[in-house]
Amino acid sequence: MIAFVSGPVAALAPDTAVVEVGGIGMAVQCTPNTISGLRIGQQTKLATSLVVREDSLTLYGFADDDERQTFELLQTASGVGPRLAQAMLAVHSPDALRRAVASGDEKSLTAVPGIGKKGAQKLLIELKDRLGAPLGTGTGVGAPVTSGWRDQLHAALIGLGYATREADEAIEAVAPQAEAEGGTPQVGKLLKAALQTLNRTR
């Protein structure tokens, strides 16, 4: 198993980072939150999980070991594959998922694309004894960043190769969405929305 990859970031896409490891470009599937913290040309180290299928080998990358372990634990529930597990981590931090499961918060799970009410109820039962207790309190560990989302989003768009003007326009386009989310806009979700506006204008 490949536990992590370390090296300079060679390329970035909305859901993939290419990390150069010993002269080989490793394509790693990542959440938008993880992608937003990477920059082309800069060194990075991503915790990884290799998913083997009959017709594919897919490497999933995470900001830290906690995310990777949560990703793997989520897949022990019936009906949860790597893509759904990654979608859950794109919407919620590992600690937010632990809090949701510990408190039986069905609404938090249905916020994930692909999870309906019945699916959420089933997951709450199956994951209750697997994810463990939350590490932080309140919005603590791994919670959405409450300040500086404009700077983070701007840096992520520049890292993806967009011009400063394009990044500024995309940020203004998603600002109403960020304000609607209140004090805790999720950079990953905003990055997706910003990329959609850029794709429409190109």
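Count residues from 1 along the sequence.
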Donor-acceptor list for residues 24-31 side chains, cut-off 3.5 Å, not counting sequence neighbours:
{"from": "Gln29", "atom 1": "NE2", "to": "Thr16", "atom 2": "OG1", "distance (Å)": "3.4"}
{"from": "Thr31", "atom 1": "OG1", "to": "Thr34", "atom 2": "N", "distance (Å)": "3.3"}
{"from": "Thr31", "atom 1": "OG1", "to": "Thr34", "atom 2": "OG1", "distance (Å)": "3.2"}

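Between Pro82 and Gln75 the shortest side-chain heavy-atom distance falls below 4.5 Å. At least one side-chain heavy atom of His92 sits under 4.5 Å from a side-chain heavy atom of Val112. A heavy-atom distance below 4.5 Å is not found between the side chains of Leu131 and Pro94.
Of the inter-residue distances, the one linking Asp64 atom CG with Gln69 atom CD reads 9.0 Å to the nearest 0.5 angstrom. Expressed to the nearest 0.5 Å, how far CD of Glu106 lies from NZ of Lys117 amounts to 5.5 Å. How far CD1 of Ile171 is from CD of Glu169: 10.5 Å, rounded to the nearest 0.5 Å. Note that CG of Leu74 is 7.5 Å distant from OG1 of Thr76, once rounded to the nearest 0.5 Å. Rounded to the nearest 0.5 Å, atoms CD (Glu126) and CG (Leu124) are 10.5 Å apart. Distance check: Gln86 CD to Leu84 CG gives 10.5 Å after rounding to the nearest 0.5 Å.
Counting all heavy atoms, side chain and backbone alike, Ser36 lies closest to Asn33 at OG-O, 2.7 Å. Across Thr48 and Gly61, no two heavy atoms sit closer than the pair CG2-CA, 4.2 Å. Pro32 approaches Lys192 most closely through the heavy-atom pair CG-CE, 3.5 Å. The two residues Leu123 and Ala77 come nearest to each other via the heavy atoms CD2-CB, 3.7 Å. When all heavy atoms are compared, the tightest approach of Thr110 to Lys107 is OG1-O, 2.9 Å. The two atoms that bring Ser6 and Val21 nearest to each other are O-CG2, 3.8 Å, heavy atoms only.
The backbone N or O of Val80 sits nowhere less than 3.5 Å from a side-chain atom of Arg83 that would complete a donor-acceptor pair. Between the side chain of Glu67 and the backbone N or O of Leu89 there is no donor-acceptor pair closer than 3.5 Å. Formation of a donor-acceptor pair under 3.5 Å by the Thr44 side chain with backbone atoms of Val9 is not found in this model. Of the possible polar contacts, one joining the Arg68 side chain to the Ala3 backbone as a donor-acceptor pair under 3.5 Å is found. Gln177 places no side-chain N or O within 3.5 Å of a backbone atom of Val174 that could act as its donor or acceptor partner.
Using a 4.5 Å cut-off between side-chain heavy atoms of Ile, Leu, Val, Met, Phe, Trp and Tyr, with links allowed through other members, Val19 and Ile40 fall into the same hydrophobic cluster. Under a hydrophobic clustering in which Ile, Leu, Val, Met, Phe, Trp and Tyr are joined whenever their side-chain heavy atoms come within less than 4.5 Å, directly or via other members, Leu59 and Phe4 fall into different clusters. Under a hydrophobic-cluster definition in which Ile, Leu, Val, Met, Phe, Trp and Tyr are linked whenever side-chain heavy atoms come within less than 4.5 Å, directly or via other members, Val101 and Ile125 are assigned to different clusters.
Within the structure, the ring-ring contact (aromatic ring centres under 6.0 Å, His included) test picks out the following pairs touching residues 10-62 (sequence neighbours left out): Tyr60-Phe71, Phe62-Phe71.
Classification of Arg98 and Asp95 as a salt-bridged pair holds, one side-chain N sitting under 4.0 Å from a carboxylate O.
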Walk me through it: do Met88 and Thr70 pass the test side-chain contact (heavy atoms from CB on, under 4.5 Å)? CA-CA 10 Å; Met88 291 170 78; Thr70 304; over 6 Å; no
